[in-house]
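Below you'll find the structure, written out as C-alpha cells, and then a few comments.
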Amino acid sequence: MRPYYDVVIMGGGPGGSTLAALLRKQGGLSVAVLEKEHFPREHIGESFAHPLIPVLEESGALPKVLASDCWVKKYGGVFQWRGEQPHVAYFDHPNVVRDGVDRWAMHVNRAEFDKILLDHARDCGADVFEGAAVTRCTLLEDGTGREVVLKDGRTLRAGWFVDASGRRNSIVTHKKRDWLSGYRNIAIWQHYLGGVPTQTLPGDWNIFRERDLSPIGCFAFRDGWCWYIPVPKIIDGERRITHSIGIVTDPSVLKQDGCDFTDPEVFLRTVQQVPKLRELIQDVTPVGDRMLTATNYSMINDRFADFDERWLLLGDASYFVDPLFSSGVAFAANQAVAVATLLGHTAGNGLTEPEKRGLWHDYDAEWHSMAVTFALSIDQWYYAIGRDNPDSVYWNSRGKPQALGIGHEQTFDALLNTALTPDWLEIMTGGEGIDGLDLDGPLMTEYARAHALSLTADTKVSLAANTVVTAGPGLDIPGFKGAIPPDPDLMSEAEQRAAAAYWEDPVGRGDSVPAALGRLLPCHRFALRDNPHGTQVRSVDGRDGGAELWELLRYGPVLWSDLVDRLDAGQQRLVRRLLHAGMLELDGGTGAGADESR
C-alpha cells in the first residue's frame with residue numbers, strides 16, 4: 001500500500017470497482033480500492049437493468065462477464081400487480097418495437113459477478129486491498145486531500161475520497177441519511193432449486209415465451225410483493241440454475257399470525273400461494289437452511305459530493321430507492337461514469353476552478369433529481385396498488401403523499417428537470433403514458449404542484465435583479481450510452497441505427513455510439529449573484545434552450561404572450577424551474593386557471 005493515491009475508493013462492489021477501472025482507463029490517476037470483506041461474498045441484488053451493460057462495455061469488464069457462467073441474459077419484466085393479466089415490457093420497449101433489436105441486461109450470481117469486476121479493476125492497474133476496513137477519513141489541514149485510517153492501523157492519503165461502501169451512514173458526511181420514501185421495507189429471500197422459468201407462464205400476454213427470453217418476475221400479494229430471479233450457482237460442485245425468491249414487506253407484517261416470513265416453512269408456504277408465481281415454484285427445494293434479510297434501504301444522503309472537502313458518494317452510499325425495477329447496480333455504475341469524468345477533469349488543467357465547481361454541482365444536483373423522480377415513480381405505483389387492496393396493512397402504508405427526505409423545492413426541480421422513465425411508464429400504464437397514472441397519487445400530486453404556473457397574456461416576465469448566467473461545461477447525467485430519448489426525433493436516423501447496431505453487439509460495436517466516459521456538454525448556469533454556490537439551475541445547450549431564453553430576457557421584461565410562442569417544451573420547463581428558484585419575476589396577469597399555452 002502506497003502512502004498516497006490520487007483517488008481512494010472505499011468499497012469494492014460494482015460501483016467502486018467500476019469507478020476504479022474507468023479511472024485507470026482514462027489514465028493519469030493512481031487509484032486504491034479498500035474493501036472490508038474478502039471476495040467472493042454473497043450480496044442482494046441479483047437482477048439488473050439494461051443501462052448497466054454499456055458501462056461494463058466501456059470499463060472493459062463486459063467480455064470477462066460474458067465469458068463466465070455466472071449470468072443469464074435478461075430482456076425485461078413480468079409484473080403481476082393489478083387484475084388478472086400481468087404488466088409486461090421489454091427493456092426500452094418502444095425502441096425494440098421500432099428497430100427490432102433487443103436491449104438486455106443480466107440476472108447474476110452476485111458473488112461471482114462482483115469478484116469479476118473487482119479483479120478487473122486490479123487488472124486495470126488499481127491497487128485493490130481486501131479485508132481493509134476504513135475507520136476514519138479526515139480532511140488534511142492544508143485542504144489538499146484526505147487522510148484515511150484503516151482498522152489495522154495503516155494510514156494513507158488521498159487527493160479525493162469516494163465512499164462506495166453501500167447502505168450505511170457515510171464516514172465523510174457525519175450525518176444520518178434521510179428516508180427517501182414514507183415507508184419502511186424489509187426484504188427476505190432464499191435460493192431454491194426446481195423452479196420453472198418465468199417466460200414459460202401461459203397466456204397471450206406473455207411476450208417472452210415464444211423466443212424463450214428471460215424476464216424478471218415480480219408478483220404482488222396481500223402482504224407485499226415477491227421477486228423471482230434465475231441465478232446460476234455452483235451446488236455440490238455443479239453449475240445449476242437456482243431461483244432467488246424474495247418477499248418485500250413491512251416489518252410490522254411479520255408480527256401478524258402466520259406471517260413470519262423469516263421462518264423458511266412460512267416463507268415457502270406463502271410464496272407457493274401467490275398468483276402466477278405459484279405456477280412456477282410448486283416443486284422447489286431451498287439451497288440453504290435459513291432466510292436472508294435486508295432492512296430500511298430506501299434512504300438518501302443530503303449531499304453526494306463536496307468540492308472543498310474532497311469527497312464523493314457513489315451508489316448505495318448516496319441513495320437507494322427500492323428493488324422493484326432492479327435499478328440499483330445500473331444507477332451505481334452510471335454514477336461511476338460521472339465520477340470518473342468529474343475527477344478526470346478536476347485533476348486536469350483544462351478548466352477553471354468555477355467550471356470545476358460547476359461539474360461537482362452537476363453530480364450532486366442531477367443525481368439527486370434522478371433519485372427523487374424514481375422514488376416518486378415507485379410510490380405512485382404503490383399508491384395505485386393500495387387502492388386495489390383496501391384491507392392490506394402493507395399496501396395501504398405505501399404510496400402516501402408524505403414528504404421525502406428533501407425539500408419541496410428540490411422535488412419540484414427534479415420533476416421539472418428529469419424525464420419520467422419510459423420503461424417505468426410502459427410497464428405501469430400498459431403503454432398509456434403519463435395520462436394513465438392516478439392523478440391523486442404521490443408522483444402526480446407533486447408533478448401537478450411543480451407544473452402549477454398560471455399566466456395570462458399580459459403577464460410580464462423578467463429576470464430577477466440578482467440573477468447571473470454563466471456559460472461552461474457540464475456533466476452529461478445520466479448520459480446512458482446507447483440510449484434513444486423518449487422522443488426519437490431528437491436523434492437522426494443514422495444515430496438511431498447506430499444505437500440499434502450497438503445493442504446487437506456491445507463489445508464488438510462499442511465505438512458505434514459516443515462514449516459516455518469523459519463526456520462534457522456545453523451548458524448555461526443560472527444562479528443568484530449574492531449566493532453563487534447556492535441554488536443553481538442548469539440548462540444544457542440544445543436541450544432546453546437556456547442560452548436563447550437568456551437572450552430573450554436579459555434586456556428587460558417580456559410579455560408572456562410574446563414569449564410563449566417562442567419557447568419550446570424544454571424552455572417552458574426551464575421557465576418553471578427558474579420561477580421555483582426565485583430567478584424570474586412576474587408582474588401582473590397571474591391567476592389560477594389562466595391559459596399559459598397561447
Side-chain angles (χ1 to χ4, degrees), residues 1-24 29-39 41 43 45 59 110 114-115 117-122 124-140 144-177 297 299-307 309-320 328-329 331-333 335-340 342-343 346-347 360 363-364 367:
M1 185 176 291
R2 307 179 198 174
Y4 175 85
Y5 291 90
D6 294 315
V7 181
V8 167
I9 303 166
M10 181 173 69
S17 58
T18 298
L19 173 60
L22 292 169
L23 286 169
R24 293 303 301 160
L29 296 178
S30 57
V31 181
V33 179
L34 307 178
E35 168 54 52
K36 68 178 181 179
E37 297 188 52
H38 291 274
F39 283 29
R41 53 91 174 96
H43 202 279
S59 75
R110 278 292 298 271
D114 288 5
K115 188 175 190 310
L117 266 56
L118 188 61
D119 288 346
H120 177 66
R122 186 183 285 113
C124 290
D127 287 351
V128 176
F129 302 95
E130 299 177 59
V134 176
T135 59
R136 190 167 71 252
C137 180
T138 55
L139 185 69
L140 298 176
T144 60
R146 300 190 71 89
E147 182 178 69
V148 183
V149 180
L150 275 62
K151 186 176 181 180
D152 61 14
R154 287 181 290 177
T155 63
L156 67 159
R157 293 186 174 187
W160 295 276
F161 181 81
V162 180
D163 183 350
S165 61
R167 297 186 295 271
R168 49 172 282 180
N169 291 325
S170 175
I171 198 170
V172 288
T173 65
H174 306 297
K175 293 182 179 180
K176 290 184 177 180
R177 297 179 299 163
Y297 40 72
M299 304 188 77
I300 189 170
N301 271 290
D302 64 340
R303 299 183 67 187
F304 292 174
D306 192 308
F307 178 83
E309 295 285 326
R310 303 177 80 90
W311 58 258
L312 300 105
L313 306 183
L314 172 64
D316 291 359
S318 58
Y319 75 95
F320 183 82
V329 173
F331 278 154
Q335 280 184 282
V337 174
V339 172
L342 172 61
L343 292 178
T346 301
W360 283 67
Y363 178 76
D364 189 17
W367 276 107

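Annotation: the span from Thr346 atom OG1 to Leu342 atom CG amounts to 4.0 Å, rounded to 0.5 Å. Atom CZ of Arg177 is separated from atom CE of Met299 by 5.0 Å, given to the nearest 0.5 angstrom.
Annotation: side chain of Asp302 is in contact with side chain of Lys175 (closest heavy-atom distance under 4.5 Å). Looking at Leu150 and Thr135, their side chains never come closer than 4.5 Å, going by heavy atoms from C-beta outward. Considering only heavy atoms from C-beta on, Val31 stays 4.5 Å or farther from Leu19 through its side chain. Using a 4.5 Å heavy-atom cutoff, the side chains of Leu313 and Ser170 are in contact. In this structure, Lys36 and Val134 have side chains that are not in contact, with every pair of non-hydrogen atoms separated by 4.5 Å or more. No side-chain heavy atom of Trp311 sits less than 4.5 Å from a side-chain heavy atom of Met10. In this structure, Val128 and Leu118 have side chains that are in contact, with non-hydrogen atoms separated by less than 4.5 Å.
The salt bridge (Lys or Arg N to Asp or Glu O under 4.0 Å) analysis of residues 124-134, with sequence neighbours excluded, yields the pairs Arg2-Asp127, Arg122-Glu130.
Under the side-chain hydrogen bond (donor to acceptor under 3.5 Å, both in side chains) criterion, Lys115 pairs with Asp119, not counting sequence neighbours. For Arg41, the side-chain hydrogen bond (donor to acceptor under 3.5 Å, both in side chains) test picks out Asp114, with sequence neighbours left out. Every ring-ring contact (aromatic ring centres under 6.0 Å, His included) that Phe307 has, sequence neighbours left out, goes to Trp360. With sequence neighbours left out, Phe161 forms a ring-ring contact (aromatic ring centres under 6.0 Å, His included) with no residue at all. Residues satisfying the side-chain hydrogen bond (donor to acceptor under 3.5 Å, both in side chains) test with Thr173, not counting sequence neighbours, are none.
Nearest heavy-atom pair across Ala340 and Leu23 is CA-CD2, 3.8 Å. Contact detail for Leu314 and Ala332: the closest heavy-atom pair is CD1-O, 3.5 Å. The shortest heavy-atom contact between Ala20 and Val33 is CB-CG2, 3.6 Å. Leu29 and Asp6 make their closest contact through CA-OD2, 3.3 Å (heavy atoms, listed as atom of the first residue, atom of the second, distance). Shown here for Leu140 and Thr144, the closest heavy-atom pair between the two residues is CD1-OG1, 4.0 Å. Taking every heavy atom of both residues into account, Ser59 and His120 meet most closely at O-NE2, 2.7 Å.
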Discussion item. Quick one, Asn301 with Ser318, criterion side-chain hydrogen bond (donor to acceptor under 3.5 Å, both in side chains). Give me CA distance, side-chain angles, the key distance, then yes/no.
Written reply: CA-CA 6 Å; Asn301 271 290; Ser318 58; over 6 Å; no
Discussion item. Met1 vs Leu34, test: side-chain contact (heavy atoms from CB on, under 4.5 Å). Steps then yes/no.
Written reply: CA-CA 10 Å; Met1 185 176 291; Leu34 307 178; 4.0 Å; yes
Practice prompt. Dump the intermediate steps for side-chain contact (heavy atoms from CB on, under 4.5 Å) on Leu312 and Leu343, then the final yes or no.
Written response: CA-CA 10 Å; Leu312 300 105; Leu343 292 178; 3.8 Å; yes
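Geometrically, Arg157 does not engage Tyr4 in a cation-pi contact defined by less than 6.0 Å to the ring centre and at most 45° from the axis.
The backbone N or O of Cys137 lies less than 3.5 Å from a partner atom in the side chain of Arg146, making a donor-acceptor pair. When atom types are taken as modelled, the side chain of Arg154 and the backbone of Val149 share no donor-acceptor pair closer than 3.5 angstrom.
Gln335 pairs with exactly one of Trp367, Tyr363, Tyr319 by the side chain to side chain donor-acceptor pair (under 3.5 Å) rule, that one being Tyr363.
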